[in-house]
**Student:** 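My questions will all concern the structure given below.
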Amino acid sequence: MQIEKLMPEGKKGTVLVLAPHTDDTELGCGGTVARLIEEGHRVVTVAFSAAEDSVPAGFARDVLRTENVNAAQKLGVKKEDALVLDFKVRTFPENRQRVLDTMIRLNREYRPDLVFVPSATDTHQDHKTIADEGFRAFKRTTILAYELAWNNLEFSHRCFVTLTEQQLQKKIDALYEYHSQHAIRDYVNETYVRALALVRGTQIQKKAAEVFDVPRLILD
């Protein structure tokens, strides 16, 4: 499936990326975000938590908020379109209704043509909540689920998005803005990102790609 078919024909669309935590956007669909922006679409990223309770010692509690904005700008996202909300990490299930209400508000405000969410098979409680409530809030919109390989029990490879070297490098550059995460997340590195993009590209006989499941597809 070509990514162009998911966007409104003849006009530039609005894309909403729902991320439980800062850096999930970059890891799950950073290259695709860079590509969509290059093609003229507006991308709004929403991190529901800055994970203050998980910040390593030696960093300010709100460091991920700054890192998120810097990373988003590496992808081409405008500063005002890189949102970070105030949900506490690992508390999403007990705040499910507030998560849903927030998504409904985002839907009304941005009227997205395409929405990205984590996979429904993601084992992290926060990610699973965003996936489930995202489907409820955006059921009239095309939804793609992004891959976070270390969390997914299974993942259906249904939509491949090819990436240029420039788009892949933007994803890598964005991830390297998360200085606070380098010591605790060994997959926030160029070797992992390039290897996964190469594998996904090989699956479709291309140089590099990201892959998505398709929980909801609406084509006019």
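Everything quoted here is computed from the prediction, not taken from an experiment.
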**Student:** Output all residues satisfying salt bridge (charged side-chain N to carboxylate O under 4.0 Å, His left out) with D53, sequence neighbours left out; order by chain, then residue number.
**Tutor:** R61, K88
**Student:** Is the shortest side-chain N to carboxylate O distance from E26 to K171 below 4.0 Å?
**Tutor:**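 Here E26 does not pair with K171 in a salt bridge, since their nearest N and O are not under 4.0 Å apart.
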**Student:** Within a strict 4.5 Å, meaning less than it, do heavy atoms of the L196 and E210 side chains meet?
**Tutor:** no
**Student:** Do you know which two heavy atoms are closest between T141 and P112, and how far apart they sit?
**Tutor:**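 Heavy atoms of T141 and P112 come nearest at CG2-O, 3.5 Å.
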**Student:** I'd like to know if the side chain of T22 pairs up with that of E67 as donor and acceptor (distance under 3.5 Å, no hydrogens or angles considered).
**Tutor:**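 Judged by distance alone, the side chains do not pair up.
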**Student:** Taking all non-hydrogen atoms of both residues, which atom of I204 and which atom of A209 are closest, and how far apart?
**Tutor:**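 For I204 and A209, the tightest heavy-atom pair comes out as CD1-CB, 4.0 Å.
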**Student:** Could you list the cluster mates of L85? Members are the ILVMFWY residues connected by side-chain heavy atoms closer than 4.5 Å, either directly or through other members.
**Tutor:**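 So far as hydrophobic clustering goes, L85 is joined with L16, L18, V44, V46, F48, L83, F87, F92, V99, M103, L106, Y110, V115, V117, I130, F135, F138, I143.
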**Student:** Going by atom types alone, do Y178 and N70 pair a side-chain donor with an acceptor below 3.5 Å?
**Tutor:**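 The criterion, which ignores hydrogens and geometry beyond distance, is not satisfied for N70 and Y178.
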**Student:** By the rule that ILVMFWY residues connect when side-chain heavy atoms come within less than 4.5 angstrom, directly or transitively, which residues belong alongside I104?
**Tutor:** L100
**Student:** Restricting to side-chain hydrogen bond (donor to acceptor under 3.5 Å, both in side chains), what partner residues turn up for E147, sequence neighbours left out?
**Tutor:**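 Testing E147 for side-chain hydrogen bond (donor to acceptor under 3.5 Å, both in side chains), a comparison that skips the adjacent residues, returns R200.
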**Student:** So how far is it from L64 CG to S180 OG, rounded to the nearest 0.5 Å?
**Tutor:**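 Reported to 0.5 Å precision, the distance equals 4.0 Å.
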**Student:** I need the minimum non-hydrogen distance between A208 and L168, along with the two atoms involved.
**Tutor:** CB-CD2, 4.3 Å
**Student:** To the nearest 0.5 Å, tell me how far N151 CG sits from K128 NZ.
**Tutor:**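 It comes to 13.0 Å.
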**Student:** Which is it for E39 and K12 under the salt bridge (Lys or Arg N to Asp or Glu O under 4.0 Å) test, yes or no, and what are the steps along the way?
**Tutor:** CA-CA 8 Å; E39 293 174 355; K12 301 306 180 183; over 6 Å; no
**Student:** Return the set of residues passing salt bridge (charged side-chain N to carboxylate O under 4.0 Å, His left out) with E190 (not counting sequence neighbours), or none when no residue passes.
**Tutor:** R194
**Student:** Does the D62 side chain pair with the main chain of R65, one donor and one acceptor, at a distance under 3.5 Å?
**Tutor:** no
**Student:** Less than 3.5 Å apart, any donor N or O on the side chain of T121 or E154 sitting next to an acceptor on the other?
**Tutor:** no
**Student:** So, taking the atom named CG in N95 and the one named OG1 in T129, what distance separates them when rounded to the nearest 0.5 Å?
**Tutor:** 9.0 Å
**Student:** Please determine whether side chain to side chain contact (heavy atoms under 4.5 Å, CB included) holds for the pair Q73 and V69, giving the CA-CA distance in whole Å, both sets of side-chain angles, and the decisive distance to 0.1 Å.
**Tutor:** CA-CA 6 Å; Q73 290 181 290; V69 172; 3.7 Å; yes
**Student:** Between the main-chain N or O of T164 and the side-chain N or O of Q167, is there a donor-acceptor pair closer than 3.5 Å?
**Tutor:**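 Such a contact is found between Q167 side chain and T164 backbone.
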**Student:** Under 4.5 Å between side-chain heavy atoms, chaining through other members, with only Ile, Leu, Val, Met, Phe, Trp and Tyr counted: pull out the rest of the cluster around I184, sorted by chain and number.
**Tutor:**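 None; I184 is a cluster of one.
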**Student:** Quick one: list whatever passes ring pair (Phe, Tyr, Trp, His ring centres under 6.0 Å) with H41, sequence neighbours left out.
**Tutor:**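 Listed in chain order: nothing, the list is empty.
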**Student:** Please round to the nearest 0.5 Å and tell me the distance separating atom OG1 of T202 and atom NZ of K206.
**Tutor:**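 Reported value, rounded in 0.5 Å steps: 12.5 Å.
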**Student:** Please identify which of these residues, F116, Y146, F160, meets the ring-ring contact (aromatic ring centres under 6.0 Å, His included) condition with F212.
**Tutor:** F116
**Student:** Yes or no on salt bridge (Lys or Arg N to Asp or Glu O under 4.0 Å) for R98 and D86, after CA distance, side-chain angles and deciding distance?
**Tutor:** CA-CA 11 Å; R98 189 160 72 95; D86 60 356; 3.5 Å; yes
**Student:** For R111, give me all partners under salt bridge (charged side-chain N to carboxylate O under 4.0 Å, His left out), at least two apart in sequence or on another chain.
**Tutor:** none
**Student:** Using the rule given for side chain to side chain contact (heavy atoms under 4.5 Å, CB included), can you reason through V211 versus Q203, listing the C-alpha separation, both sets of side-chain angles and the distance that settles it, and then say yes or no?
**Tutor:** CA-CA 10 Å; V211 68; Q203 289 180 270; 5.5 Å; no
**Student:** Quick one: pull up OG1 in T45 and CG in D24 and give me the separation to the nearest 0.5 Å.
**Tutor:**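 One finds 11.5 Å between OG1 of T45 and CG of D24.
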**Student:** Kindly write out the residues that satisfy side-chain hydrogen bond (donor to acceptor under 3.5 Å, both in side chains) with S156, not counting sequence neighbours, or none if the list is empty.
**Tutor:** none
**Student:** Around atom NZ of K79, are there more than 12 heavy atoms of other residues, nucleotides or ligands at under 6.0 Å?
**Tutor:**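 No, because the 6.0 Å sphere around NZ of K79 holds 12 heavy atoms or fewer from other groups.
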**Student:** What residues, two or more places apart in sequence or in another chain, satisfy side-chain hydrogen bond (donor to acceptor under 3.5 Å, both in side chains) together with D81?
**Tutor:**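 D81 satisfies side-chain hydrogen bond (donor to acceptor under 3.5 Å, both in side chains) with R42 once adjacent residues are dropped.
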**Student:** By ring pair (Phe, Tyr, Trp, His ring centres under 6.0 Å), which residues pair with H179, not counting sequence neighbours?
**Tutor:**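 Partners of H179 by the ring pair (Phe, Tyr, Trp, His ring centres under 6.0 Å) criterion, ordered by chain and then number, come out as H182.
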**Student:** What do you reckon, is CD of E165 surrounded by more than 12 foreign heavy atoms closer than 6.0 Å?
**Tutor:**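 Count over threshold, so yes.
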**Student:** Within a reach of under 6.0 Å around NZ of K78, are more than 12 heavy atoms found that belong to other residues, nucleotides or ligands?
**Tutor:**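 No, NZ of K78 has 12 or fewer neighbouring heavy atoms, counting only those of other groups under 6.0 Å.
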**Student:** Walk me through it: do D101 and R105 pass the test salt bridge (Lys or Arg N to Asp or Glu O under 4.0 Å)?
**Tutor:** CA-CA 6 Å; D101 291 342; R105 176 181 59 78; over 6 Å; no
**Student:** Is any NZ, NE, NH1 or NH2 atom of the basic residue among E38 and R35 found under 4.0 Å from an Asp or Glu carboxylate oxygen of the other?
**Tutor:** no
**Student:** Starting at OG1 of T91, measure out to CZ of R96 and round the result to the nearest 0.5 Å.
**Tutor:**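 T91 atom OG1 to R96 atom CZ measures 12.0 Å (nearest 0.5 Å).
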**Student:** Check L175 against D23 and note the closest heavy-atom contact, atom names and distance.
**Tutor:**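 So the minimum-distance heavy-atom pair works out to CD2-O, 4.4 Å.
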**Student:** Pair M7, V15 - check side chain to side chain contact (heavy atoms under 4.5 Å, CB included), show working.
**Tutor:** CA-CA 9 Å; M7 301 302 293; V15 179; 3.7 Å; yes
**Student:** With a 4.5 Å cut-off on side-chain heavy atoms, are F155 and L148 touching?
**Tutor:** no
**Student:** Below 4.0 angstrom, N of the basic side chain to O of the carboxylate: do R158 and D213 qualify?
**Tutor:** yes
**Student:** Run through R90, Q181, H21 and flag the one making a side chain to side chain donor-acceptor pair (under 3.5 Å) with S54.
**Tutor:**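 The single option meeting the side chain to side chain donor-acceptor pair (under 3.5 Å) with S54 is R90.
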**Student:** Closest heavy-atom contact between V214 and C159?
**Tutor:**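 Closest heavy-atom pair between V214 and C159: CG2-CB, 3.9 Å.
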**Student:** How far apart are the closest heavy atoms of A131 and S119, and which atoms are they?
**Tutor:**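 Taking A131 first and S119 second, the nearest heavy atoms are CB-O, 3.7 Å.
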**Student:** Remaining members of L198's ILVMFWY cluster at a side-chain heavy-atom cut-off under 4.5 Å?
**Tutor:** none
